[in-house]
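Here the structure comes first, spelled out in structure tokens, and everything after it is commentary.
Below, read A as the first sequence line, B as the second, and so on, with proteins coming before strands; counting in each chain starts at 1. Just so it is clear, the structure is predicted and the values come from calculations on it, not from any experiment.
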Amino acid sequence: MNSKILFEVSRLVIPFIQVFGAYVILHGHLSPGGGFAGGTIIGASLILYRVIYGKTEAEERLTYSKLLSLMCISLIAYGILKGYSFITGGSHLEVFNIPIGTPGKLLSGGLILPLNICIGIVVSVVIYFLFKLFYEGEI
Amino acid sequence: MIIKSFPLLTIIFLFITSFTMPLFKKDVISKRLSFITLSISSVISLISVIYIKFNGEIYYRVGHWDAPWGIELHVGIIEGIIGLVFTSVATLAIWYSMFSLERSMKERIGFYYLLINILIGSLLGIVYTNDLFNAFVFIEVSTIAACGIVVIKNKKENIKAALKYLILSILGSGLVLMGIAFIYSITGNLNMTFIHNELIKIHGQYQSTVLITLVLFTIGLGVKSAMFPLHTWLPDAHSNSPASASAILSGLVLKAYVFLLIKILFRVFGLEIISQYPLLDLILILGSAGMIMGSVLAILQRNIKRVIAYSSVAQMGYIFYGIGLGNELGLAMAIYHIIGHALTKSTLFLSVGSIIEQTGNHKLTDLRGVGKEMPVTLSIFTIGAFSMVGIPILPGFISKWYFALASIEAGKLLYLGVILASSLLNALYYFPIVINSFFGEENLKGRVYMSKNKPLKELVPVLVLTLLVFLIGIFNKGIIDAIRLDLF
Amino acid sequence: MQGIITNYFETGAIILFGVGFVTLLLHNNLIKKIIGMNIMDTAIFLFFISKGYIEGREAPIVKEINATKEGFVNPLPTGLMLTGIVVAVSMTAFALALTIKLYEKYGTIELNEIMKMRSD
């Protein structure tokens, strides 16, 4: 799409969308939102970038292999963190106690914050991939 | 005790390792990774079976919440054995596919192994879980993975088969979720044990709701496990995928859903509640129809993989027959048949897969005289076929024999005829294949003895499977007793 | 009759479920089948969430520390259906992707025409 207005406006708007998405992800345990909602917002910004800047430039920045490995690493991290909590909780082991946290403090949420970040990454990549799948016919 | 968390550890381990595969560029690494992780998980399953054998069943809470609030796993001896069978059959099928997958598909090999790991992990989840909604999530994960495995060859027929499978599966899972909604609305619980305790108190007030829920679960899981009139997706899906995938889809995926149905019928509702409704008779009739019609449809096929796929419909009919008898022996034999059929059907699919790979023929008429070229493979196929027909010692015979005893015990003598007729029909399509391929005269000219046999190292997994089939048949007494002890 | 009117959420959900089920089963067009599947899933979500809703209570967000459970609706069905929605979205995406591939190979998305083109 070759419109000057679109270029300028999107260059202005995309960072704000992404910051808002990051805000929603990071405050998932304090306010409504969380990894899934924030991930969709960031995914929407990626889609906007792809639509306006075209295929070649988007693929230069957001390469398939980079996004795929980012997604896989977050999934593995999610599995390991959650698996640790499942297994220590299930077999009543208290090797390393994860803090429960104090209400209202951002960084005291225990495992919820890293898990939310993982979900956010996975969801944003998946949303972008779904868009590419239907827009271009392949990922 | 950390050993109690082994069932959960298997599931998490398989899921985590499946996502490491796309990080590596080479297909060989994901192949080996899949094989290694599956063999580790079968060893873990073996350890947990031994642990359960000596220490009794495991109720395992997932996370930090106790049963009615958190998710719970329940692993008794039956679940342990089925989990062991699933992981070991998958290990052997992957071992087989390590040598031969490239011959049937060129690209996306890494994704194939990723999907296999996810599929086995989610099937184990279905088997182990004690929570209805968790079971639903695992059902959906396994459905997506199974459809992905069907479609991975990217040919015309595969896409058609996968879409058919997907649409009917979505229908089934919609019905299951509706059933969960109904049962949650009358009991307020999702944990199977708690639902059972609640249902015993209140089922008198909610008779029609309980009936609707039962029908929803039976049809929903019946679609997924190919109960007779709902089996239409099965032959396409199972005959078009690569050999190892057919073995896993036909041997394991159907069995997980039917096992979940058994758990829901006999653990969540319990025999006292179901026997007030004519549901078990319906399952019995549908099972008998499947036993007969699956075999009849198999006789009409010309493609050997479709014959075996239709034979799956007939064998699933046996399992539903055992459930429908509604007594203890019938149920125990249904579970024994799940195990026996999982091993036998994967043997059949793997041996037929290697025949098709080596000769390139999949029509029944072209297979005449193949026994001269590949005698070892065909002998393995013959053992599997004998088990299906019901030759003594082999597991097929054991289950038919005890099914007959169970129907006498239940006082349903008429249904003995169904077992007999089904065995005869089985013989009618398996024996011609075996006889024609060993002794088919007209095609023998110009064929060299053992010329197309696979190298022995590629046949080892199939031979191990055959050995397991024999072992299951010989040690039937111990297995059936263990199952009966732990029956719900 | 009285029960149908008081439980209007459930009644609507069951009617929607029937609509979706029939669309999924009887239509030949694959896109319509997928739409039917979505209607069916939405009906189940409506049914489930209406089971957790209690008239006159609030969303379960703790504002004061000493809030009791009497003030809130049941949060569990909502949480479950969040999972259900994710599953339904992924199923829809997968089915649509397969439909596109099918259209590329066969040139039609009418299921009865595809079934006629048998290739053995």
Side-chain angles (χ1 to χ4, degrees), chain B residues 68-69 131-134 136-141 143-145 147-148 150-151 154-190 212 216 219 223 232 236 239-240 301-303 306 362-363, chain C residues 7 10 13-14 17-18 20-25 27 30 33-34 36-52 74 76-77 79-81 83-84 86-88 90-107 109 111 114-115 117-120:
Chain B
W69 298 286
D131 183 286
L132 274 181
F133 195 79
N134 194 20
F136 167 76
V137 173
F138 277 127
I139 287 175
E140 295 288 46
V141 173
T143 302
I144 291 183
C147 286
V150 173
V151 83
N154 204 12
K155 287 198 180 128
K156 244 178 152 180
E157 295 83 28
N158 289 79
I159 294 168
K160 193 173 91 178
L163 203 62
K164 229 170 148 181
Y165 183 21
L166 186 67
I167 285 171
L168 281 168
S169 289
I170 286 170
L171 194 75
S173 40
L175 293 176
V176 170
L177 188 56
M178 201 66 188
I180 294 172
F182 270 107
I183 211 165
Y184 179 72
S185 71
I186 61 171
T187 62
N189 269 312
L190 289 167
I212 291 171
L216 284 172
I219 296 178
V223 170
T232 43
D236 286 339
S239 61
N240 285 322
Q301 304 302 317
R302 292 201 174 74
N303 181 337
R306 285 182 78 88
H362 50 78
K363 291 248 173 70
Chain C
N7 299 324
E10 284 84 348
I14 296 295
F17 186 81
F21 190 82
V22 169
T23 318
L24 180 55
L25 263 190
H27 270 284
L30 280 170
K33 265 187 194 296
I34 294 167
M37 165 207 137
N38 269 315
I39 295 173
M40 202 173 87
D41 279 343
T42 315
I44 302 171
F45 302 153
L46 177 60
F47 187 90
F48 228 120
I49 290 172
S50 71
K51 281 296 155 200
N74 183 0
L76 182 69
L80 296 180
M81 284 310 107
T83 319
V86 175
V87 169
S90 49
M91 279 288 184
T92 313
F94 189 36
L96 283 172
L98 278 183
T99 311
I100 292 173
K101 286 279 172 205
L102 198 78
Y103 183 74
E104 278 172 13
K105 302 270 172 173
Y106 284 87
I109 52 168
L111 210 58
I114 293 167
M115 290 303 158
M117 304 181 210
R118 290 202 80 108
S119 53
D120 274 290

- C:Ile14 side chain near B:Met178 side chain, heavy-atom distance below 4.5 Å: yes
- List the atom of C:Phe94, the atom of B:Ile144, and the distance in Å for their closest heavy-atom pair. CE2-O, 4.0 Å
- Can you tell which part of C:Leu30 gets under 4.5 Å to a heavy atom of chain B, answering side chain, backbone, both or neither? side chain
- Message: Rounded to the nearest 0.5 Å, what separates atom OG1 in C:Thr92 from atom CD1 in B:Ile170?
- Response: 7.0 Å
- Rounded to the nearest 0.5 Å, how far apart are OG of B:Ser173 and CE of C:Met37? 8.0 Å
- Between B:Leu166 and chain C, which part of the residue has a heavy atom less than 4.5 Å away: side chain, backbone, both or neither? side chain
- Query: Going from NZ on C:Lys105 to NZ on B:Lys155, what distance comes out if it is rounded to the nearest 0.5 angstrom?
  - Reply: 10.0 Å
- Do B:Leu175 and C:Phe21 come close enough that some side-chain heavy atom pair is under 4.5 Å? yes
- Query: Does the side chain of C:Leu80 come within less than 4.5 Å of B:Ile180's, by heavy atoms?
  - Reply: no
- Assert top hit (heavy-atom pairs under 4.5 Å, partner chain B, pool C:Val86, C:Ile34, C:Leu76) equals C:Leu76
- Query: Checking C:Leu111 against chain B: side chain, backbone, both or neither under 4.5 Å from a heavy atom?
  - Reply: neither
- Message: I need the B:Ile159 CD1 to C:Glu104 CD distance, nearest 0.5 Å.
- Response: 8.0 Å
- Could you look at B:Leu168 and say if it's the side chain, the backbone, both or neither that has a heavy atom under 4.5 Å from chain C? neither
- Message: Between C:Ile114 and B:Lys156, is there a side-chain heavy-atom distance shorter than 4.5 Å?
- Response: no
- Query: Parallel under 30°, tilted from 30 to 60°, perpendicular over 60°: which one fits the rings of C:Phe48 and B:Phe133?
  - Reply: perpendicular
- Over all atoms of both residues, closest heavy-atom pair of B:Gly174 and C:Phe17: O-CE1, 4.2 Å
- With chain C, which of B:Thr143, B:Ile167, B:Val137, B:Val141 has the greatest number of heavy-atom pairs at distances under 4.5 Å? B:Ile167
- Taking the side chain as every heavy atom from C-beta outward, state whether C:Lys101 and B:Leu163 have any atom pair closer than 4.5 Å. no
